[in-house]
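Note that these values count all heavy atoms, side chains included, but never hydrogens, waters or copies made by symmetry.
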Amino acid sequence: MKNITLTSLFFLVAFSSLLAQQEKGITGYNNWLDSWTDFQPNKANYDEPNQILSGNITEDITLSKRNTYLLLGDVFVTDSTTLTIEPGTVILGDSKSKGALIITNGSQIIAEGTATDPIVFTSNKTDKKPGDWGGLFLLGDAPTNVFGNVTALNYGFRPTETNHISYGGEHLEANSGSLNYVRIEYAGKKTKDFGNFSGLTLAGVGNQTAIKNVMVSYSDGHAYNVLGGEIALSKVVSYRARKNDFNFNFGTQSRIENSIAIRSPYISSADGSRCMAIKSYDNKENSDSTKKETFVDASNLTLINVSNDLKTDMQMSLVQEAIFIGADATFHINKSVISGFQPAVILDDKIQINNENLIKIRFTRSYFNNCKGNIFRKGYTNNDDLESWYGSRAFDNVYSKGPDEETFIDSDHSKYPDFRLRINKIIASNDLFDDEDK
């Protein structure tokens, strides 16, 4: 890297760092986590289901708060149908049939809860476990970077028509509906041949789809799986996912802001457990190089690993990186907190360290706390150049070690007392780890 000319990029970033400093990590004058989130969902009790959802839903329907619904098997909303869900409605995924809800291409879900009356998708079991049921899928016809642009979900679904599991197309402004004040708990069904479902899958979803105030907890797969499309995520929460909290792939053009991922080192998957994974493809041969590569623009994120003994957990290799960036992907992150990882970031070894790629991968005004290494390249033992490059004053990043409760917000904590109390309670809670994790 010492032989690379990066002067123009350096001065561009240096100039931007002169602008007014903003808060790092999740922000808000009011605590937007209050009321609708639940960090101990296994303690909740719901009424027995009195309505069953199964097969194909082919006519507009509204789910009412006065009923409790059971997702029986794979439920497809088809034929340009709109599924509306009232605030406070509870939908239980059947654990025996591993129920899942799929909003097919051209259909919509309107799930608008409130802060005091969220919509809840959860397991129907009394003793809930990750992977009890499938998950929620939104499919649209916004672009992907796969050959032919249109592809299908390969999760072992058995739809009545193959187009019920297809996604991708040419419509950036595709609208799959809205999710607001929604919780998705204990999803992530495991399949023998196709791996785990995700809590929320957004496949080929267009930019008219609204995703805000959504919490995915205890997913046995990814919490959020974004495949192609163009989507903005705001005020979303991932809690204790077994795989990645936020997984981006297949040429998605995504923005994520003011969101939080809380990981446990005692819950992981053999094939990766990160806060964020940003890739343009799983197999380059299946990717169309004439299409857009994945681009993720992130700001005001809090990515935190909560450990009983972080040093010991790192020595035992229970902790890995917070962010993985694959080849041919673009990632920008600003005003964010990354705390308690080993290291904070890993770049794929196929990424050449040159001016072109360093412009595509940017970390600015962010706080790296209690990480054993900050920004590394996979398989390389000497990452001093990367560390010093992103640690330069031009990017205004901070490498530090300190209590987590001091890192998720800016120095003027008095502006955000509710957030401090809320995060500290989550971190300090004796119920943060299940007995099987301790």
Side-chain angles (χ1 to χ4, degrees), residues 25 39-40 42 129-131 186 188 190 195-196 199 216-223 237-247 260-279 301-326 336-349 366-384 386-387 398-408 423-438:
F39 290 89
Q40 299 175 352
N42 210 9
K129 297 291 184 182
Y186 299 103
K190 185 176 182 179
N196 290 85
V216 178
S217 57
Y218 293 91
S219 173
D220 210 33
H222 304 313
V237 181
S238 175
Y239 184 58
R240 293 189 36 143
R242 188 171 296 276
K243 291 193 174 182
N244 300 327
D245 295 290
F246 303 108
N247 193 68
I260 183 169
I262 301 176
R263 296 207 62 82
S264 164
Y266 316 117
I267 297 179
S268 62
S269 169
D271 54 354
S273 302
R274 311 170 178 98
C275 292
M276 303 184 77
I278 300 94
K279 300 189 294 182
L301 302 189
T302 294
L303 310 177
I304 187 170
N305 181 51
V306 183
S307 165
N308 286 330
D309 185 340
L310 185 59
K311 183 178 180 180
T312 299
D313 289 340
M314 285 182 174
Q315 291 173 345
M316 295 178 65
S317 299
L318 296 177
V319 180
Q320 64 179 94
E321 72 271 16
I323 300 173
F324 175 83
I325 304 171
S336 296
V337 170
I338 305 171
S339 185
F341 295 92
Q342 181 175 248
V345 181
I346 286 185
L347 310 184
D348 193 283
D349 56 5
S366 292
Y367 201 110
F368 296 79
N369 184 62
N370 285 333
C371 293
K372 188 174 181 180
N374 298 298
I375 302 174
F376 284 8
R377 190 178 176 205
K378 184 178 179 180
Y380 285 73
T381 57
N382 188 339
N383 294 279
D384 291 346
L386 275 177
E387 295 275 60
V398 176
Y399 299 159
S400 184
K401 296 186 182 295
D404 283 323
E405 63 268 21
E406 299 296 331
T407 66
F408 72 93
I423 297 297
N424 290 349
K425 184 178 180 181
I426 294 168
I427 293 172
S429 173
N430 290 327
D431 296 317
L432 180 67
F433 306 111
D434 293 335
D435 290 339
E436 64 187 65
D437 300 330
K438 292 180 179 178

Test item: Asn305 side-chain N/O and Gly340 main-chain N/O as donor-acceptor pair under 3.5 Å: yes
Tyr399 meets the ring-ring contact (aromatic ring centres under 6.0 Å, His included) criterion, sequence neighbours left out, with Phe368
Between Asp384 and Asn382, the two heavy atoms sitting closest are N-OD1, 3.1 Å
The reported gap from OH in Tyr239 to CD in Gln40 (rounded to nearest 0.5 angstrom) is 7.5 Å
Contacts of Asn374 meeting side chain to side chain donor-acceptor pair (under 3.5 Å) (sequence neighbours excluded), chain-then-number -> none
Side chain to side chain donor-acceptor pair (under 3.5 Å) filter on Asn244, not counting sequence neighbours, yields Asn247
Between the NZ atom in Lys311 and the CD atom in Gln342, the distance rounded to the nearest 0.5 Å is 12.5 Å
query: Does Arg263 use its side chain to pair, donor to acceptor, with the backbone of Ala241 at less than 3.5 Å?
result: yes
Sequence neighbours excluded, the answer for side-chain contact (heavy atoms from CB on, under 4.5 Å) partners of Ala261 is Ser238, Asp245, Phe246, Cys275, Leu303
Fill in: Check: Ile346 main-chain N/O paired with Glu321 side-chain donor or acceptor under 3.5 Å
no
Separation between CG (Leu310) and CG (Asn370), nearest 0.5 Å, reads 6.0 Å
Asp349 meets the side chain to side chain donor-acceptor pair (under 3.5 Å) criterion, sequence neighbours left out, with none
### Message
Determine whether Gln320 and Ser273 satisfy the following criterion, side-chain contact (heavy atoms from CB on, under 4.5 Å), listing intermediate values before the conclusion.
### Response
CA-CA 8 Å; Gln320 64 179 94; Ser273 302; 4.1 Å; yes
Can you tell if the side chain of Ile375 reaches within under 4.5 Å of the side chain of Asn383, non-hydrogen atoms only?
no
When rounded to the nearest 0.5 Å, the distance separating CD1 of Ile262 from CZ of Arg240 is 10.5 Å
Short question: side chain of Tyr367, backbone of Ser400 - any donor-acceptor pair under 3.5 Å? no
Taken in chain and number order and not counting sequence neighbours, the residues that satisfy side chain to side chain donor-acceptor pair (under 3.5 Å) with Asn196 are Asp220
Hits for side-chain contact (heavy atoms from CB on, under 4.5 Å) against Ser336, two or more places apart or cross-chain, chain-then-number order -> Leu301, Ile333, Ser366
One should read off an interatomic distance between Tyr186 OH and Ser219 OG, to the nearest 0.5 angstrom, of 12.0 Å
Sorted by chain and residue number, the side-chain contact (heavy atoms from CB on, under 4.5 Å) partners of Asp313 (sequence neighbours excluded) come out as Pro265, Tyr266, Ser307, Leu318, Val319
Taking the side chain as every heavy atom from C-beta outward, state whether Phe376 and Glu387 have any atom pair closer than 4.5 Å.
yes
Note to self: Walk me through whether Ile278 and Ile323 qualify under side-chain contact (heavy atoms from CB on, under 4.5 Å).
What the structure shows: CA-CA 8 Å; Ile278 300 94; Ile323 300 173; 3.8 Å; yes
